[in-house]
Amino acid sequence: MNNIKTRFAPSPTGYLHIGGARTALFNYVYAKHNGGKFVLRIEDTDFERSEKRFEEDIIESLKWLSIIPDEETVFQSDRLSIYRSYADKLLKEDKAYYCFCSKELLEEDRNKLTSENKKPMYVGRCRELKPGEALLKTPHTIRFKVNRNTGAATGFKDLIRNQYISVNNDEIDDFVLVREDGIPTYNFAVVIDDALTGITHIIRGDDHVSNTPKQIMLYNTLGFNAPEFAHVSMILGADGKRLSKRHGATSVNQYKKEGFLPEALVNYLIRLGWSHGNDEILSMEEIIKYFDLKHISKSAAIFNTEKLLWLNSHYIKSKDPFTLIDLINDIRDDFQGALNIDIKTASLVDSLKSRAKTLVELRQKLDFFVNDAIDYKDEIFSEYSFNESNLAFLKLFRKFIEELNNEIFNCGNVDLTYKTDKENALKILKNSIESIKAGFNDFLFKNNWTMKEKAMIIRLAFSGEKVSPPIYEIIFALGKERCIQRIDKFYGCINGINNTKV
RNA sequence: GGCCCCAUAGUCUAGCGGUUAGGACGUUGCCCUCUCACGGCAGUAACACGGGUUCGAAUCCCGUUGGGGCUGCCA
């Protein structure tokens, strides 16, 4: 169709952060919506601050979010000679000039202008200089010769605001194109790369609006066609200030570590600034189908973790337990043991998934199951005073567990790892739990007890906590042996305390 | 300071001259219930202010206020 091509152009000076991820997402889905291409360009011209690990993180994080470039990644550090040739061209045409002012001198100029309440622009000391060979051997930068004092303005149409934004040329500094070390500056390299790689639409942060007129000037004098621009407003922290480390997690990898699903982050990020009617839950596929620039918000948005958490819990709930086990194992810290991929673990994950907002939280809720060393805390015994009748109940309950049909736990001796048959495993899991439920209800009924009055002591015995997954699920997951061990242990604790009292 | 941008509930937003200003998160209450959740139902809360334009403005224009960005040999 119209060959739309977008790009995400981060500098590898930090991990991929939330704002960058959203910009990348906007560019990606805009290209995809229009049947175009999306590319990644690493702007690594700041050798001081660029780091390989950040570069890798950006690429990995984008991949995790399913933002996949269509072409090979471009690195600006590979293209230095290209920028140089364009700088020479501008020099030759008298559209740029050498500047020999030292950083210290420029600093002085700036301070002076600022103290006089004037805009700190380059004073133009070297603008008309015709340097000889000798001078050229001394440190120098190359500056763009802005066409000033003509009353002319330079602007562009912003696709998000749907309006022209222009600035009087007199407001624009003779900005540096090439630094002392021969490396191009951002404004120079970005224009050359976007033009040469055929970028048609640039969706980027609001913080670039004031750079855009400079870049337009460059497009014009270099003889390139300027692309379309769309400036997305910033993401702010809860205090309304620009999002930074102070606000907690800001990098995508942190969210992964904290147990967020990529679907949730993508969904949250796309809705932060873009909308499609009243739709809240959107898959990447739907986003691509509906995405447009028209519905991108013009105002800054405050990052709200609560809503992200809500979306995350939504996506966790929608996954089957076996997938969840894989995901948990994928992000687990080294000190945490891996979860077994079996039907018993799955049964707990299945009932716990609606109780956890993150994978990390889900994993924590499984601690009582993974770890047999339950520590029955003193508070339990002070809050619930257990007596002889409780002990009698535990004895009967122990017997009930002992007498449960082994087939329930063996699940008919079927190999029930998810790898064989996930659907079937889930079905048998549910049947087993139903069997336990039926048996347990029968046990209660025969003794004229209610679930309500007996649930807590069982819960405490099995988990040591006042909050746990449902009883039936625990029985199935722990299995006979472990259930009995825990009943015995708990029985011993109560008994011990009662004896001390006497 | 200068230049640029923005403005609907606590938060994300729908709205694009006529609506009881809609949805979602959060929050509150109720229901469900073996705990905690999930779920269901109900409630709470907004057009920053002041001028215009118009028969009629959340919607269009101007100003005020507030917020944000840029003002680097960072991107």
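First the proteins, then the strands, lettered A, B, ... as listed; each starts at 1. Only this structure's heavy atoms are used, side chains among them; waters, hydrogens and symmetry mates stay out.
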Tell me which nucleotide among B/A37, B/G67, B/U11 gets nearest to the side chain of A/Ser354. B/A37
Partner of A/Lys454 by side-chain contact (heavy atoms from CB on, under 4.5 Å), out of A/Asn447, A/Ile471, A/Leu444: A/Leu444
Quantified in whole Å, what is the P atom distance between nucleotide B/A42 and nucleotide B/A24? 10 Å
Can you figure out which of B/A14, B/U35, B/C73 approaches the side chain of A/Pro470 most closely? B/U35
Looking for any heavy atom pair under 4.0 Å, which part of the strands does A/His208 touch: base, sugar-phosphate only, or nothing? base
Need one value for A/Lys317: base, sugar-phosphate or nothing, where a base atom within 4.0 Å counts as base even if backbone is also close, heavy atoms only. sugar-phosphate
Rounded to whole Å, please give me the gap between CG in A/Asp158 and C1' in B/C6. 12 Å
Could you check which of B/C74, B/G15, B/U35 has an atom nearest any side-chain atom of A/Arg49? B/C74
Under 4.0 angstrom, heavy atoms only, what part of the nucleic acid is A/Lys298 near: base, sugar-phosphate, or nothing? sugar-phosphate
Need one value for A/Ser233: base, sugar-phosphate or nothing, where a base atom within 4.0 Å counts as base even if backbone is also close, heavy atoms only. nothing
Value in whole Å for how far the P atom of B/C6 lies from CD1 of A/Ile302: 18 Å
Pairwise P distance, B/A58 and B/U8 [rounded to whole Å]: 15 Å
Heavy atoms under 4.0 Å, any strand shown: does A/Thr141 hit a base, just sugar-phosphate, or nothing? base
So if I apply the side-chain contact (heavy atoms from CB on, under 4.5 Å) rule between A/Phe175 and each of A/Thr141, A/Leu218, A/Asn211, which one comes out positive? A/Leu218
Name the nucleic acid region contacted by A/Ser313, choosing base, sugar-phosphate or nothing; use a 4.0 angstrom heavy-atom cut-off, strictly under. nothing
Taking the nucleotide of RNA chain B with the closest heavy atom to each, which residue, A/Ile183 or A/Ala300, is nearer the 5' end? A/Ala300
May I ask you to say what A/Glu306 touches in the nucleic acid, namely base, sugar-phosphate or nothing, with a heavy-atom cut-off under 4.0 Å? sugar-phosphate
I'd like to know if A/Asp206 reaches the base of B/G68 with its side chain, counting only an N/O donor and acceptor under 3.5 Å. no
Given B/G15, B/U35, B/C74, which nucleotide is nearest the side-chain atoms of A/Arg355? B/U35
Strand-adjacent residues in residues 168-176 of chain A, judged by heavy atoms under 4.0 Å from RNA chain B: A/Glu171, A/Val176
Pull up the glycosidic torsion of B/C61 and say syn or anti, syn being anything within 90° of 0. anti
Contact class for A/Leu106 (heavy atom, under 4.0 Å): base, sugar-phosphate, or nothing? base
Is A/Asp174 reaching over with its side chain to a backbone N or O of A/Arg143, donor-acceptor style, under 3.5 angstrom? no
Between B/A57 and B/C61 - P atom distance, rounded Å: 16 Å
Quick one: do the A/Asp193 and A/Tyr83 side chains pair a donor with an acceptor below 3.5 Å? yes
So, taking the atom named CD1 in A/Ile325 and the one named NZ in A/Lys353, what distance separates them when rounded to the nearest 0.5 Å? 11.0 Å
Using a heavy-atom cut-off of 4.0 Å across all strands, would you classify A/Gly273 as base, sugar-phosphate, or nothing? sugar-phosphate
Could you tell me whether A/Lys365 contacts a base, only the sugar-phosphate backbone, or nothing, with contacts defined as non-hydrogen atoms closer than 4.0 Å? nothing
Closest listed nucleotide, where the reference is the side chain of A/His295 and the choices are B/U13, B/C34, B/G15: B/G15
Base, sugar-phosphate, or nothing: which does A/Ser11 touch, judged by heavy atoms less than 4.0 Å apart? sugar-phosphate
Reckon A/Phe303 touches a base, only the sugar-phosphate, or nothing at all at heavy-atom distances under 4.0 Å? nothing
Does A/Arg482 make a cation-pi contact with A/Phe369, if we ask for NZ or CZ under 6.0 Å from the ring centre and within 45° of the axis? yes
Does the pair A/Lys377/A/Glu465 count as a salt bridge with the N-to-O cut at 4.0 Å? yes
Would A/Glu43 and A/Arg41 pass as an ion pair if we require N to O under 4.0 Å? yes
Under 4.0 Å, heavy atoms only, any strand: does A/Lys119 hit a base, just the sugar-phosphate, or nothing? base
